K.L.:
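First, the structure itself, so that you have it in front of you.
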There are 2 protein chains.
Amino acid sequence: MELERGKGLTLWRQIQKNLEQDILDGTFPPGEKLPPERLLAERFAVNRHTLRQALNNLVRKELVRAEQGRGYFVREDMVRYALAHRVRFRENLSRQHREAAEELLDWELVQAERRTAEHLMVHPGTPLVRMRTVGKADGLSLCVSSHYFSQQRFPDINLIYGNTGSITATFRHFGITDYTRMQTLITARMPNAAEARLLQQSRSKPVLELESVNVDGAGTPIEYGRCIWAADRVQFIVDT
Amino acid sequence: MELERGKGLTLWRQIQKNLEQDILDGTFPPGEKLPPERLLAERFAVNRHTLRQALNNLVRKELVRAEQGRGYFVREDMVRYALAHRVRFRENLSRQHREAAEELLDWELVQAERRTAEHLMVHPGTPLVRMRTVGKADGLSLCVSSHYFSQQRFPDINLIYGNTGSITATFRHFGITDYTRMQTLITARMPNAAEARLLQQSRSKPVLELESVNVDGAGTPIEYGRCIWAADRVQFIVDT
DNA sequence: GATAATTTGTTCGTATGTATC
DNA sequence: TGATACATACGAACAAATTAT
């Protein structure tokens, strides 16, 4: 790594170009940690500030991201997740050539609380199946969700989902060939310990919480879901 | 309401927890007036000052607000902000009986960067007006935004906006009677120091970042905006 | 759970070269 | 030529977040 001093291009620009090249040609693949500042500064034989100037520019250009106490990481593009009339986890991911996976964490029989009942348009106390799942993209946890279904309409839904590993396929099993999303509520907050663990992310990074209701062809609510998304791994797209 | 005296937790902390629980479980629903200090003090069998300590902490935590001469009120839910085909800041807030205000922080003449240019469908380098604004609800900062407009199409737009204090009114001045939102991108992250200051919120609370493009009746992009929202003060609604 | 080590973030200070008026 | 402003580069120290011990 020899830099030309005093020949037109500044040192930090040469370093930036050098690192950009390494990122683009895959020497540092997406998600990879760069060597620490100290090492890079040594390698380029410059002061740490000079090196930081180059890195800061790469951060500004969104090629890398900096994490205090951890290091610099090559940015992997966020998953772009479309919130349209039809929302399908697998479709959304396969459009971006990512491998989608849904896993059943656990399930439970519960009674509908006021809020959940309102969304599903049932009486409070109605028996519901709550399934907790985790959604992954290319093996990386993307979201943890709680799905609520009427037990009467979808008996043993947990078994079906456990076999298929897909909400869409599960609904198909119950004769629902198409379903659409009625409404989505979006908020952001900090995760609790369990959420951070399930998402394999730091507790100091925010999560996005989406509440949604899916309805069948007749407009009857069939699923109420609360999904917690790792905020730095996803970007939602609303087309209106 | 029996408090434990001399057993670790101070009285006012016990009272605070007690009231928090009542608020969270809906005993005191959003917007409700709490019983007056005197009554609460009697009920907990403590001095009014002890009770005030608890209430002051709830005010600090933004669970209740105090109004001199009127009483304490449970803070209402977050602002619910609809992301529909037509998005109007004032309309969205007035629907919830909140007082909307937009303020111009500063403005600058800039050259379109690649990303901005793409969204506005202009060539990179095109002269743009960037206005930074802050949106408030009931006097509380809700979002800080950067709006980008073509300088050619909207000369002196900063003056118009400065006078009207409304994006909608500003567009009307330029003959645009209706505009709609094409796309909104949503992410969440932690705020930087400047954003936290402008939003008057803690740096340890997340923000929601919305990128959006508004188009005129002919479908031509007229505004590209990046808005940073205080995540704990707003909930977005997507109807699909 | 507490402590130390590692790593990035921030703020001083100093010096030099370059462009502008 | 001088004065000024700005970008570049190096050095030292400390703060803050994370990870390892």
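Here is how names work: the chains are called A, B, and so on, in the same order as the sequence lines, proteins then strands, and each is numbered from 1. Predicted model only: the values in this text are computed from it and were never measured.
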K.L.:
In whole angstroms, how far is the C1' atom of D:dG11 from the CZ atom of A:R38?
P.N.:
16 Å
K.L.:
Rounded to whole angstrom units, what separation is found between the CG atom of B:N192 and the P atom of C:dG9?
P.N.:
13 Å
K.L.:
Ignoring hydrogens and geometry, is there a side-chain-to-backbone donor-acceptor pair from B:D138 to B:E99 under 3.5 Å?
P.N.:
yes
K.L.:
Do B:T164 and B:S166 have side-chain atoms, one donor and one acceptor, less than 3.5 Å apart?
P.N.:
no
K.L.:
What's the CG-C1' distance between A:L39 and C:dT8, to the nearest Å?
P.N.:
14 Å
K.L.:
Write down the partner of D:dG2 under the Watson-Crick or G-U wobble criteria, each distance required to be under 3.5 Å.
P.N.:
C:dC21
K.L.:
So, the side chain of B:D156 versus the backbone of B:L159: is there a donor-acceptor pair under 3.5 Å, distance only?
P.N.:
no
K.L.:
Of the nucleotides C:dT8, D:dT19, D:dA9, which one has an atom closest to the side chain of A:P36?
P.N.:
C:dT8
K.L.:
Closest approach to the side chain of A:Y72, judged atom by atom: which nucleotide of D:dA9, C:dT7, C:dT8 is it?
P.N.:
C:dT8
K.L.:
What's the CH2-C1' distance between A:W12 and D:dC6, to the nearest Å?
P.N.:
14 Å
K.L.:
Atom CG of A:L51 and atom P of C:dT10: how far apart are they, to the nearest Å?
P.N.:
16 Å
K.L.:
With no hydrogens and no angle check, just 3.5 Å: does a side-chain donor-acceptor pair link B:T187 and A:Q235?
P.N.:
no
K.L.:
Can you measure A:L55 atom CG to C:dT7 atom C1' for me and round it to whole angstrom units?
P.N.:
12 Å
K.L.:
Counting side-chain heavy atoms from C-beta on, which of D:dT18, D:dT8, D:dC10 comes nearest to A:S202?
P.N.:
D:dT18
K.L.:
The side chain of A:E37 lies closest to which of these nucleotides: C:dT8, D:dT8, D:dA9?
P.N.:
C:dT8
K.L.:
Could you tell me how far apart A:L40 (CG) and C:dT6 (P) are, to the nearest whole angstrom?
P.N.:
17 Å
K.L.:
By nearest heavy atom, map A:R70 and B:R203 onto DNA chain C; which one lands nearer the 5' end?
P.N.:
A:R70
K.L.:
Can you measure A:Q68 atom CD to D:dC14 atom C1' for me and round it to whole angstrom units?
P.N.:
12 Å
K.L.:
Consider the side chain of A:N47, meaning its heavy atoms from C-beta on, and name the nucleotide among D:dC10, D:dA9, D:dA16 that approaches it most closely.
P.N.:
D:dC10
K.L.:
Just checking B:Q183: does its CD atom have more than 12 heavy atoms from other residues, nucleotides or ligands closer to it than 6.0 angstrom?
P.N.:
yes
K.L.:
Indicate, yes or no, whether a donor-acceptor pair under 3.5 Å links the base of C:dT10 to the side chain of A:H49.
P.N.:
no
K.L.:
Let's see if you can work this out: which of D:dC10, C:dG9, D:dT18 has an atom nearest to the side-chain heavy atoms of A:R48?
P.N.:
C:dG9
K.L.:
Using the closest heavy atom to pick a nucleotide of DNA chain D for each, name whichever of A:T50 or A:G69 lands nearer the 5' end.
P.N.:
A:T50
